[in-house]
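Hydrogens, waters and symmetry mates are skipped; everything else that's a heavy atom, side chains included, is used.
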Amino acid sequence: MSTRADDLIDRRRLRRKLTFWRVLAFLVIALALVVSGRWLFGERLGVAAAHIAQVRIEGTITEDDELLERLDRVRESAAVKGVILTIDSPGGTTAGGEAIFEEIRRVAEEKPVVAQVGTLAASAGYMIASAADFIVARQSSIVGSIGVIVQIPNITGLMDKVGVTMEEVKSSPLKAEPSPFNPTTEEERAMLRAMVLDSYDWFIGLVTERRPLSRGEVTALADGSVFTGRQALERKLIDAVGGERDAKQWLVERGVDADLDIIEWKADDSAGSWFLPQIASNWAARLLGLPQDGAFLSRIGAERMFLDGLLSVWQPENTHVPD
């Protein structure tokens, strides 16, 4: 009988231990879920701690719906007390720069916004930087290239070599022109030039509005030239030389708590992981021994080949220096 009683006691002890460990495991899992939820979704649930939001704008600029929505969430967040835009871009489409510029101005109406330029903020990249209330750049950053360009490849020579011709029927001479399949006419050039100059005039007006410069001073700088950070400071295209620390200091001077952390608001890349160009990009990167990080096109400078419409993008020419 004593052996049976001992067995019952041991079973009860074992049950108590199992119950304890089950409760402990449940609490650990629950805590992990709460922490993960706060980290992943805390901002949407309104439980995130006060902080300075950092938004990176890098690479070729297009009308990026995800970035626009992210900036809108930054604007709406009560936890965000200030914003640092970290910019490293040669520019991109004029319409894409315009959309991002307008969204940044919406943010700046409610929170202090500072732009911190890394290696490059040219063309539409500079357009976006000018939307901030203050611009900081490195002494050796590349800044400027205010202007608009449109480019059309001409493959007629190649078509002649391979014996390919293009037949077309259209409603008027300028429909779908200019085209890479035939030489550009003077009438077509005039049409494009009118578009480019109209957008150029708008770009100059935008910089004039945002910078402490007269329209004449901006026009003198808007010949496509790029400047170092030090040169840009002399020309009032930026407000200070420095980095992230200096950008945060400007926010502190505007009343933002100096003890707040800088937290990067990152893009959600999961939605586009199976996008065909991304797969092709990774495949090509693998063949060339480059990192398969989705940045293959930007690494080889080929993103601009796929841009359409009016461009505000800095494109340094490849020059050959004879031996």
* Taking it one step at a time, do V55 and R70 satisfy side chain to side chain contact (heavy atoms under 4.5 Å, CB included)? -> CA-CA 9 Å; V55 178; R70 194 173 358 140; 3.9 Å; yes

Spacing of [atom1] belonging to [X] relative to [atom2] belonging to [Y], to within rounding of 0.5 Å:
X	Y	atom1	atom2	result
E63	E98	CD	CD	8.0 Å
I204	T219	CD1	OG1	4.0 Å
Q231	I238	CD	CD1	10.5 Å

* **CA sep, side-chain torsions, deciding dist, call: R105, R210, side chain to side chain contact (heavy atoms under 4.5 Å, CB included)** => CA-CA 11 Å; R105 290 309 307 152; R210 296 298 307 150; 3.1 Å; yes

Closest approach of [X] and [Y], non-hydrogen atoms and distance?
X	Y	result
G59	P90	O-CD, 3.7 Å
A99	L68	O-CD2, 3.6 Å
P178	L192	CG-CD1, 3.3 Å
A79	A49	CB-O, 3.5 Å
G97	A124	CA-CB, 4.3 Å

Test your reading of the model: is there a side-chain donor-acceptor pair from [X] to the backbone of [Y], 3.5 Å cut-off?
X	Y	answer
R211	K236	yes
Y200	A222	yes
Y126	L237	yes
E188	T185	yes
D257	D259	yes
E110	V107	no
N154	P183	no
S141	G118	yes

* **Salt bridge present between D133 and K111 (N-O < 4.0 angstrom)** =>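 No, this pair does not count.
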
* Asked: Is the closest basic N to carboxylate O distance between E69 and R73 below 4.0 Å?
  ->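 Here E69 pairs with R73 in a salt bridge, since their nearest N and O are under 4.0 Å apart.
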
For residues [X] and [Y], determine if any side-chain heavy atom of one lies less than 4.5 Å from a side-chain heavy atom of the other.
X	Y	value
T60	S89	no
V83	V114	no
W265	H51	yes
I87	Q116	no
S179	E168	no
M195	D198	no
F227	L221	yes

* Should S145 and S123 be marked as a side chain to side chain donor-acceptor pair (under 3.5 Å) after you check the CA-CA gap, both sets of side-chain angles, and the distance that decides it? -> CA-CA 5 Å; S145 187; S123 297; 3.0 Å; yes

* I155: which other cluster members, linking ILVMFWY side chains closer than 4.5 Å, directly or transitively? ->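 For the cluster that includes I155, the remaining residues are L158, M159, V162, V164, M166, F181.
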
* **CA sep, side-chain torsions, deciding dist, call: R56, D88, salt bridge (Lys or Arg N to Asp or Glu O under 4.0 Å)** => CA-CA 8 Å; R56 294 186 183 275; D88 193 350; over 6 Å; no

Indicate every side-chain donor-acceptor pair of residues 243-252 with a distance under 3.5 Å to a residue at least two apart or in another chain.
unit_1, atom_1, unit_2, atom_2, d
E244, OE1, Q54, NE2, 2.9
D246, OD2, G243, N, 2.9
K248, NZ, A258, O, 3.1
K248, NZ, L260, O, 2.9

* Asked: What residue pairs, at least two apart or across chains, pass ring-ring contact (aromatic ring centres under 6.0 Å, His included) with a residue in residues 55-105?
  ->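 Listed once each, the pairs would be none.
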
Honestly curious: do [X] and [Y] fall in one hydrophobic cluster under the side-chain, below-4.5 Å linking rule?
X	Y	value
L213	F134	no
V241	I84	no
V113	V136	no
L206	V196	yes
V74	L85	yes

For [X], look at atom [atom1] and say whether over 12 heavy atoms of other residues, nucleotides or ligands are found less than 6.0 Å away.
X	atom1	answer
K170	NZ	yes
R215	CZ	yes
E264	CD	yes
E187	CD	no
R138	CZ	no
R230	CZ	no

* Hey, mind stepping through D64 and T62 against side chain to side chain donor-acceptor pair (under 3.5 Å) and telling me if it holds? -> CA-CA 5 Å; D64 187 337; T62 59; 5.4 Å; no

* To do: Apply salt bridge (Lys or Arg N to Asp or Glu O under 4.0 Å) to the pair E109 and R106, showing each step before the final yes or no.
  => CA-CA 5 Å; E109 289 174 0; R106 290 184 68 211; over 6 Å; no

* Asked: What's the verdict on side chain to side chain contact (heavy atoms under 4.5 Å, CB included) for I104 and L71, showing C-alpha distance, side-chain angles and the deciding distance?
  -> CA-CA 7 Å; I104 292 171; L71 287 169; 4.1 Å; yes

* Check: S199/T94 side-chain N/O donor and acceptor closer than 3.5 Å ->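 No donor-acceptor contact under 3.5 Å links the two side chains.
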
* Asked: S225 and D223: side-chain donor and acceptor closer than 3.5 Å?
  ->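 Distance-only check passes for S225 and D223.
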
* Asked: When you look at R189 and E186, which way does the salt bridge (Lys or Arg N to Asp or Glu O under 4.0 Å) test go after all the steps?
  -> CA-CA 5 Å; R189 291 180 192 277; E186 287 305 315; 3.7 Å; yes

* side chain to side chain contact (heavy atoms under 4.5 Å, CB included) evaluation trace for I52 with K81 -> CA-CA 6 Å; I52 296 169; K81 305 304 179 183; 5.5 Å; no

